[in-house]
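Working notes, beginning with the structure itself.
One is the number of the first residue; the rest follow in order along the sequence. Read the numbers this way: they start at 1 and go in the same order the structure lists the ligands and their atoms.
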Amino acid sequence: MAYKFVDNYREKGARKKLVALLRDERKIEDKRVLEAVGKVPRHYFFDETFWSQAYKDIAFPIGEGQTISQPYTVAYQTQLLNVSVGDKVLEIGTGSGYQTCILLELGAEVYTIERQEKLHNRAKLFLEKMGYKAQFFCGDGSKGIAKYAPYDKILVTAGAPFVPEIMLKQLKVGGTMVIPVGDEKSQKMITVIRVSETDYERIELDTFRFVPLVGDQAW
Ligand code: SAM
């Protein structure tokens, strides 16, 4: 795929409209999240032929049977994650790297893992070219990444059959995990807060449809 880094008035205008849609129709309230969406050129993640699709509120194929998440889903999960500047965030499912950029725009220190080597290589190279700095890993993220734990936040961007226990243990006390949990057709967005060494608070929210989390602690 040939990437082109041109961000002209047409794309900037479309991006503004997307931010307005997320705010006014989709009811995303967190200004910092909206600002981040307004900053990251989502069309850079598309072949130029498909730039007209980049600012629609839709998921889009990125190859290897995977998708760049719908902007609403990215904004919704990011809002739930409530990222503070300097937070150490583990993202499971790098995919295109778009969500990674949103987290970086919020000032997070991002550790991101993708199981598909082609996507991992592409996102790593591509974000570096864009000037975004994250720690990229290739492998099974359903087990988290114990080596760099604990994390302030953990974000899972693929649908899991359950909340992996091993991942919960990698959350700091006071930390938050956001993970879609359900079957292959639909998942409930779950927020888990680690309230103490041994206790977790779980909140179940809206229904989404993600590609499956595949791995040792998943499908
Ligand atoms: N956040 C991505 C973006 O902004 O483009 C979208 C991610 S896509 C919906 C989900 C990704 O999770 C896919 O790229 C898939 O290959 C990856 N994935 C699935 N199971 C995984 C696992 N166990 N470890 C790491 N990545 C996984």
Side-chain angles (χ1 to χ4, degrees), residues 1 3 18 22 33 36-37 39-47 50 53-55 57-81 83 89-106 108 110-127 130 132 134-148 151 153-167 170 177-182 184-187 189 208-219:
M1 180 146 111
Y3 295 108
L18 173 63
L22 293 174
V33 172
V37 173
K39 279 186 193 156
V40 180
R42 191 168 185 263
H43 63 285
Y44 286 3
F45 297 84
F46 292 62
D47 188 275
F50 299 112
Q53 305 298 305
Y55 295 103
D57 191 21
I58 52 171
F60 202 80
I62 54 171
E64 314 309 310
Q66 304 302 325
T67 53
I68 178 170
S69 299
Q70 184 182 344
Y72 169 62
T73 307
V74 171
Y76 184 99
Q77 285 200 296
T78 312
Q79 180 167 269
L80 286 177
L81 210 60
V83 175
V89 179
L90 174 63
E91 179 194 20
I92 315 295
T94 314
S96 67
Y98 175 71
Q99 169 78 72
T100 314
C101 295
I102 297 288
L103 295 170
L104 290 167
E105 285 290 352
L106 290 167
V110 184
Y111 293 72
T112 183
I113 183 163
E114 170 57 54
R115 63 181 284 275
Q116 300 222 34
E117 199 174 353
K118 266 195 190 167
L119 296 179
H120 157 79
N121 288 337
R122 193 162 76 195
K124 184 172 187 294
L125 185 82
F126 186 48
L127 264 65
M130 282 174 78
Y132 284 110
Q135 305 296 320
F136 292 89
F137 301 88
C138 188
D140 178 9
S142 72
K143 295 179 279 193
I145 310 181
K147 188 174 174 190
Y148 300 100
Y151 304 97
K153 310 279 159 67
I154 300 179
L155 174 61
V156 181
T157 71
F162 52 84
V163 179
E165 188 75 22
I166 192 168
M167 235 191 255
Q170 294 173 26
M177 179 192 293
V178 174
I179 178 169
V181 176
E184 276 144 326
K185 287 192 185 133
S186 81
Q187 305 90 31
M189 197 65 78
F208 288 83
R209 185 175 188 168
F210 281 81
V211 293
L213 182 74
V214 179
D216 188 54
Q217 296 297 307
W219 297 106

Quiz item: Mind checking whether F46 and F60 have parallel, tilted or perpendicular rings, split at 30° and 60°?
Solution: tilted
Quiz item: Which pairs, with at least one residue in residues 62-76 and sequence neighbours excluded, count as a salt bridge (charged side-chain N to carboxylate O under 4.0 Å, His left out)?
Solution: E64-K118
Report all N/O contacts between ligand 1 and the protein shorter than 3.5 Å as a table of atom names and distances to 0.1 Å; if there are none, say 'none'.
{"residue": "ligand 1", "atom": "1 (N)", "partner": "E91", "partner atom": "OE2", "Å": "3.4"}
{"residue": "ligand 1", "atom": "1 (N)", "partner": "G93", "partner atom": "O", "Å": "3.2"}
{"residue": "ligand 1", "atom": "1 (N)", "partner": "T157", "partner atom": "OG1", "Å": "3.4"}
{"residue": "ligand 1", "atom": "4 (O)", "partner": "Q99", "partner atom": "N", "Å": "3.1"}
{"residue": "ligand 1", "atom": "5 (O)", "partner": "S96", "partner atom": "N", "Å": "3.0"}
{"residue": "ligand 1", "atom": "5 (O)", "partner": "S96", "partner atom": "OG", "Å": "2.6"}
{"residue": "ligand 1", "atom": "14 (O)", "partner": "E114", "partner atom": "OE1", "Å": "2.7"}
{"residue": "ligand 1", "atom": "14 (O)", "partner": "E114", "partner atom": "OE2", "Å": "3.4"}
{"residue": "ligand 1", "atom": "16 (O)", "partner": "E114", "partner atom": "OE2", "Å": "2.6"}
{"residue": "ligand 1", "atom": "20 (N)", "partner": "V214", "partner atom": "N", "Å": "3.0"}
{"residue": "ligand 1", "atom": "23 (N)", "partner": "D140", "partner atom": "OD1", "Å": "2.9"}
{"residue": "ligand 1", "atom": "23 (N)", "partner": "V214", "partner atom": "O", "Å": "2.6"}
{"residue": "ligand 1", "atom": "24 (N)", "partner": "G141", "partner atom": "N", "Å": "2.8"}
{"residue": "ligand 1", "atom": "26 (N)", "partner": "R115", "partner atom": "N", "Å": "3.2"}

Quiz item: Can you list the residues that meet the ring-ring contact (aromatic ring centres under 6.0 Å, His included) rule with F162, with sequence neighbours excluded?
Solution: none
Quiz item: Do L155 and T157 touch side chain to side chain, with heavy atoms closer than 4.5 Å?
Solution: yes
Quiz item: Quick check, are the ring centers of F208 and Y76 under 6.0 angstrom apart?
Solution: yes
Scan the side chains in residues 212-219 for donor-acceptor partners under 3.5 Å anywhere in the protein, sequence neighbours excluded, and list what turns up.
{"residue": "W219", "atom": "NE1", "partner": "G159", "partner atom": "O", "Å": "3.1"}

